[in-house]
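Inspection log for the structure reproduced underneath, given as structure tokens.
As the structure is a prediction and not an experimental result, all values here were calculated from the model. So that the names make sense, note that chain A is the first sequence line, chain B the second, and so on, each numbered from 1.
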Amino acid sequence: MITQLGKSGKIEEAVKLFSLMTIKNTVTYNSMISTINKNGKINDARRLFDNLTHRSLVSWNTMIAGYSHCDRVDEAYRLFVEMPKRDKFSWTLMMTCFARNGELEKARELFDLFLDRRDVAFWNVMVQGYGQKGRFAEAKKLFDELPLRNVISWNSMLSCYTRNGEMHLGREFFAGMAMRDVVSWNLMKIPYPNVVSGVTMLCGLARSGKILEARRLFDQMENNNVVSWNAMISAYLKDYQIEEAARLFREMPNRDSVSWITMIDGYVHVGQLGKAREILNQMPYKNIAAQTAILSGYIKNKIMDEACQFFNEIAGRDIACWNTMIAGYAQMGRMDKALDLFKEMEDKDLVTWNTMIIGYAKTGEMDKAVKIIEEMKIKNVVSWNSLISGFLHNGLSMDALNSFKVMACEGIIPDHSTLACGLSACANLAALQVGKQVHVKVLKSGHLNDLFVGNALITMYAKCGRIFSSRLIFDDLEEVDVISWNSLIAGYACNGYGKEAVQLFEQMVLKGVRPDHITFVGVLSGCSHIGLIDQGLKLFKNMSEIYSIEPSVEHYACVVDMLGRVGMLYEAFEVARGLKVREDARIWGALLAACKTHGNLKLGKIAAKQLSEFEPDETSSFVLLSNMQAEACSWDEVENTRL
DNA sequence: TATGCGTAGT
């Protein structure tokens with residue numbers, strides 16, 4: 001009964017029933033632990049588990065499954081080690097837990113250890129694990145080695161392809177399944193065509209934008225169930241075909257909670273909160289996930305009063321619901337409100353703590369973010385990434401780098417995003433040696449072809465003056481994007497290779513990559529450094545005329561600098577004076593510097609005067625001006641300026 | 001083994 005209630009989402013009733021029961025055996029406890037786990041209250045489940053004097057193998061396995069489900073690998077593993085006896089299920093559970101968290105090598109270790117006793121489930125877990133990490137070639141190798149495949153093996157392999165966007169291979173594999181294995185399906189008494197593989201394929205098609213093909217498949221499938229209906233509805237929603245989705249939703253024979261939530265979220269996603277609430281009101285059992293979807297709708301639309309009121313009205317809020325509300329306040333910079341909720345919350349998970357770090361990082365209160373991470377008993381890579389990127393965004397690159405080191409000391413494996421942040425910190429500090437050490441970590445980690453990491457490497461080497469290393473990184477990347485080009489162009493520019501910057505810009509355009517405003521800052525500054533006036537002015541003109549990019553202050557500053565450097569001071573002055581954008585200190589600063597180089601006192605005075613209006617406290621412009629005056633031997637004016 | 005949503009970092 002408890003299990004039944006748990007399955008239909010009536011957790012509170014299950015808890016009530018459990019507390020009313022006078023005689024409870026281990027099986028009762030196990031059902032309750034499993035039910036609570038599925039509801040995400042792992043700590044409550046653990047308390048029950050700890051109170052249980054006669055634990056069975058199932059109790060241990062259930063608890064490990066619970067930890068696995070919320071990605072608490074260490075705790076799962078501790079139980080796995082502690083448990084008095086293990087069965088095959090314990091091993092597969094632990095492998096799944098490792099695989100889910102990307103710790104494939106550890107999963108593989110268990111797989112290899114179990115050698116002669118492993119059955120098809122072991123292989124399937126590994127195939128799935130490799131598939132989730134995009135390592136479908138390794139998955140296929142295992143799949144081919146599998147002595148006896150069941151339908152799960154086939155479907156797991158199929159989803160390796162579809163989840164990784166390998167639709168050519170996926171189609172081929174799907175077709176192959178249909179061709180050769182009808183006999184074995186029959187032997188295994190599995191209905192064919194199998195609806196699970198159909199849905200796997202359908203979702204793959206939808207993800208790659210092939211909605212029509214997905215729909216054809218859906219129409220061909222004779223054994224559509226609620227899952228395939230849900231998948232089709234979701235495909236339409238993601239393709240913004242809301243009406244078609246709504247039509248299917250109305251027509252479908254049965255709906256489950258996923259159907260309702262999918263539809264609600266579909267409306268939330270396009271900002272139709274009213275429609276979303278309408279659907280919620282029609283829902284027979286309003287579960288928390290559905291209400292949380294609406295809550296996040298209010299938050300996304302920054303309707304915080306409504307969000308708060310709605311949140312307070314939700315009965316039986318779970319951790320995710322609290323986290324959504326806290327994150328909402330954090331996004332709005334209302335850390336006071338976020339902290340109130342944080343204190344009020346009984347069961348916090350990693351996401352809760354991480355959200356607080358991110359919130360404080362956003363408001364620039366890094367001391368508070370540090371305090372939070374210090375209080376955390378369990379931290380994961382996201383906790384550290386949040387802190388490190390917080391330091392980075394607040395201009396504290398040294399602190400970012402230190403945290404990067406502390407994290408490594410605590411034995412947390414950096415992911416692609418940690419590495420990218422570490423490299424950015426090195427770039428900002430021009431710390432070449434540390435940068436190289438991080439590069440070694442990148443090589444060891446297998447994140448070399450990650451775009452964020454690759455782009456960060458390009459910038460790091462460029463800012464450390466090693467532009468040829470940047471170039472090598474760029475050339476070795478399997479795939480580049482506009483940011484990679486921008487990083488390399490800006491790198492050449494700031495190292496004084498203006499011509500190469502322009503050439504790269506041309507190559508980029510030839511390859512069909514559309515330049516953005518940052519590309520132009522890079523290439524224009526490259527032109528200005530080496531006095532490529534005509535080239536630079538042409539690019540500046542093309543920027544708005546061909547690429548429809550409105551020039552910003554940065555671009556104007558480049559042009560003023562460019563003209564100023566070669567002594568075209570009046571032209572530079574005209575540009576500065578006729579700005580379409582809000583005038584900016586950087587522009588007049590560039591002009592003043594140019595006037596200093598070319599000894600034009602008259603314009604220099606005007607520039608300094610303009611500059612003083614933007615930055616009255618900044619004295620460097622006056623120092624520059626007075627030096628100019630000194631060079632021009634107008635000592636009286638020097639006295640005036642210095643006073 | 002398939003579907004949804006929400007919370008976390010580049």
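A side-chain donor-acceptor contact under 3.5 Å links A:Asp119 to the backbone of A:Ala121.
Counting heavy-atom neighbours within 6.0 Å of A:Gln282 CD, excluding the residue itself, gives a total above 12.
The interatomic distance linking A:Arg215 (CZ) with B:dT3 (P) rounds to 19 Å, in whole Å. One atom, CG of A:Asn223, and another, P of B:dA2, lie 17 Å apart when rounded to the nearest Å. In this structure, the CE atom of A:Met263 is 19 Å from the P atom of B:dT3, given to the nearest Å. Atoms OH (A:Tyr130) and P (B:dT1) sit 18 Å apart, rounded to a whole Å. Atoms CZ (A:Phe143) and C1' (B:dT1) sit 12 Å apart, rounded to a whole Å. One interatomic measurement links the two molecules: CG of A:Asn385 to P of B:dT10, which rounds to 8 Å at whole-angstrom precision. Residue A:Ile233 contributes atom CD1, which lies 10 Å from atom C1' of B:dG4 at whole-angstrom precision. Rounded to an integer number of Å, the gap from A:Met252 CE to B:dG4 P is 13 Å.
In this structure, a donor-acceptor pair under 3.5 Å is absent between the side chains of A:Arg247 and A:Tyr236. A:Thr352 and A:Asn323 share a side-chain donor-acceptor pair at under 3.5 Å. Side chains of A:Ser383 and A:Asn354: a donor on one and an acceptor on the other come within 3.5 Å.
Contacts of A:Lys238 with the nucleic acid, taken as non-hydrogen atoms under 4.0 Å apart, involve only primed sugar atoms and P, OP1 or OP2. Residue contacts for A:Thr262: at a heavy-atom cut-off of 4.0 Å it reaches the sugar-phosphate backbone alone, with no base atom in range. Looking at heavy-atom distances under 4.0 Å, A:Asn225 makes contact with a base. Nucleic acid contact class of A:Arg163 (heavy atoms, under 4.0 Å, all strands): sugar-phosphate only.
Side chain of A:Asn155, nearest nucleotide from B:dC5, B:dT3, B:dT1: B:dT1. Which of B:dA2, B:dT10, B:dT1 sits closest to the side chain of A:Val227 comes down to B:dA2. Residue A:Val195 places its side chain closer to B:dA2 than to any other of B:dG4, B:dA2, B:dT10.
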Atom pairs under 3.5 Å: protein N/O with N/O of nucleotides 6-8 of chain B:
from, atom 1, to, atom 2, distance (Å)
B:dA8, OP1, A:Gln331, NE2, 3.4

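The shortest side-chain heavy-atom distance between A:Met335 and A:Tyr329 does not fall under the 4.5 Å cut-off.
Under the salt bridge (charged side-chain N to carboxylate O under 4.0 Å, His left out) criterion, the residue pairs touching residues 122-136 of chain A are A:Glu105-A:Arg135, A:Arg135-A:Glu138, with sequence neighbours excluded.
Contact annotation: A:Ser234 side-chain N/O to B:dT3 OP1/OP2 distance is not under 4.0 Å.
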